[in-house]
Amino acid sequence: MTKTALVTGSSRGIGRGIALALGSEGYHVVVNYSGSEDKANSVVEEIENAGGSAESYQCHVEIYDDVKAMIKHITGTHGSIDLVVNNAGVTKDGLLMRMKEADFDRVIDVNLKGTYNVIQNVSRPMLKQKSGKIINISSIVASLGNAGQANYVASKAGIDGLTRSVARELAPKGITVNAIAPGFIESEMTDVLSDEIKEGMLGQIPLNHFGGVEDISNTVTFLASDKADYITGQTIHVNGGMYMG
Ligand code: NDP
């Protein structure tokens with residue numbers, strides 16, 4: 001039977017790469033997005049053109065009832081939900097002294113509350129199935145801290161803690177919950193950084209190059225596979241040695 005995977009925020013960037021990789025692994029992929037309908041549809045098209053199966057689904061992950069409806073749609077249509085990758089994320093950077101309350105709230109809402117909304121709603125069907133894998137996309141900065149990103153770092157550190165707690169709760173039913181903490185991965189989110197910041201970052205990466213989307217999608221396909229059945233509650237760092245736990 002075809003397994004079903006939901007990848008939040010997979011119209012672009014890392015999420016897109018994860019969706020394509022899972023499509024080629026034989027999953028039916030639900031390509032979630034918030035605003036980029038055309039981009040989400042072209043990810044679906046790419047998966048289908050490669051012989052896979054996918055659909056797009058618009059849903060703002062920070063809205064609990066919309067997430068609930070999305071999960072209900074997936075389980076109702078496909079009978080099960082086998083894998084969830086909580087990838088949707090936003091930044092609203094600024095030094096704490098100048099950070100607007102709305103910018104703090106927005107980043108926590110999408111990144112952390114959005115992850116909770118999805119996990120909370122997939123837990124029930126996964127517990128019923130007695131199987132499932134949940135992978136949350138965290139960040140290296142959750143471990144390092146980062147000036148100008150207090151909201152983002154707090155959201156990602158929250159995701160790491162959420163991962164460990166939910167992993168303990170769902171482990172008795174064979175469901176694994178892990179996080180992946182990417183380092184500096186080339187994407188639209190990092191394209192906006194100045195050359196000066198990028199050069200500074202490169203100097204801190206022992207492997208001496210930025211990561212690619214496939215470095216993250218390869219880790220996702222491993223954690224999603226039965227080769228990773230004994231791994232749960234972990235944050236896997238993929239960062240070229242920039243942070244060594
Ligand atoms: P991008 O900005 O390139 O893509 C973000 C994705 O999230 C888009 O598909 C976007 O959809 C979606 N999204 C944004 N807001 C929402 C929302 N409210 N509801 C649903 N989907 C939403 O980001 P990246 O690919 O760079 O990052 C992906 C993840 O990896 C994030 O969680 C990020 O924090 C994390 N990460 C990235 C690193 C990097 O170096 N790039 C480093 C460490 C972590 P739409 O197109 O519709 O707006």
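Order of listing sets the numbers, starting from 1, for every ligand and every atom in it. This is a predicted model, so every value here is computed, not measured.
No more than 12 heavy-atom neighbours from other residues, nucleotides or ligands sit within 6.0 angstrom of NZ on K72.
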May I have the list of side-chain donor-acceptor pairs in residues 233-245 shorter than 3.5 Å, sequence neighbours left out?
| unit_1 | atom_1 | unit_2 | atom_2 | d |
| --- | --- | --- | --- | --- |
| Q234 | NE2 | T232 | O | 3.1 |
| T235 | OG1 | D160 | OD1 | 3.4 |
| N239 | OD1 | G241 | N | 2.8 |
| N239 | OD1 | M242 | N | 3.1 |
| N239 | ND2 | Y243 | O | 3.0 |

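Sorted by chain and number, the heavy-atom contacts of ligand 1 below 4.0 Å come from G9, S10, S11, R12, G13, I14, N32, Y33, S34, G35, S36, C59, H60, V61, E62, N87, A88, G89, V90, V110, I137, S138, S139, Y152, K156, P182, G183, F184, I185, S187, E188, M189, T190.
The closest side-chain donor-acceptor pair between T163 and N136 falls under 3.5 angstrom. Judged by distance alone, the side chains of S56 and N41 do bring a donor and an acceptor atom under 3.5 Å apart.
Below 30°, between 30° and 60°, or above 60°: for H78 and H73 the angle between ring planes is above 60°, a perpendicular geometry.
Distance check: D82 CG to I175 CD1 gives 11.0 Å after rounding to the nearest 0.5 Å.
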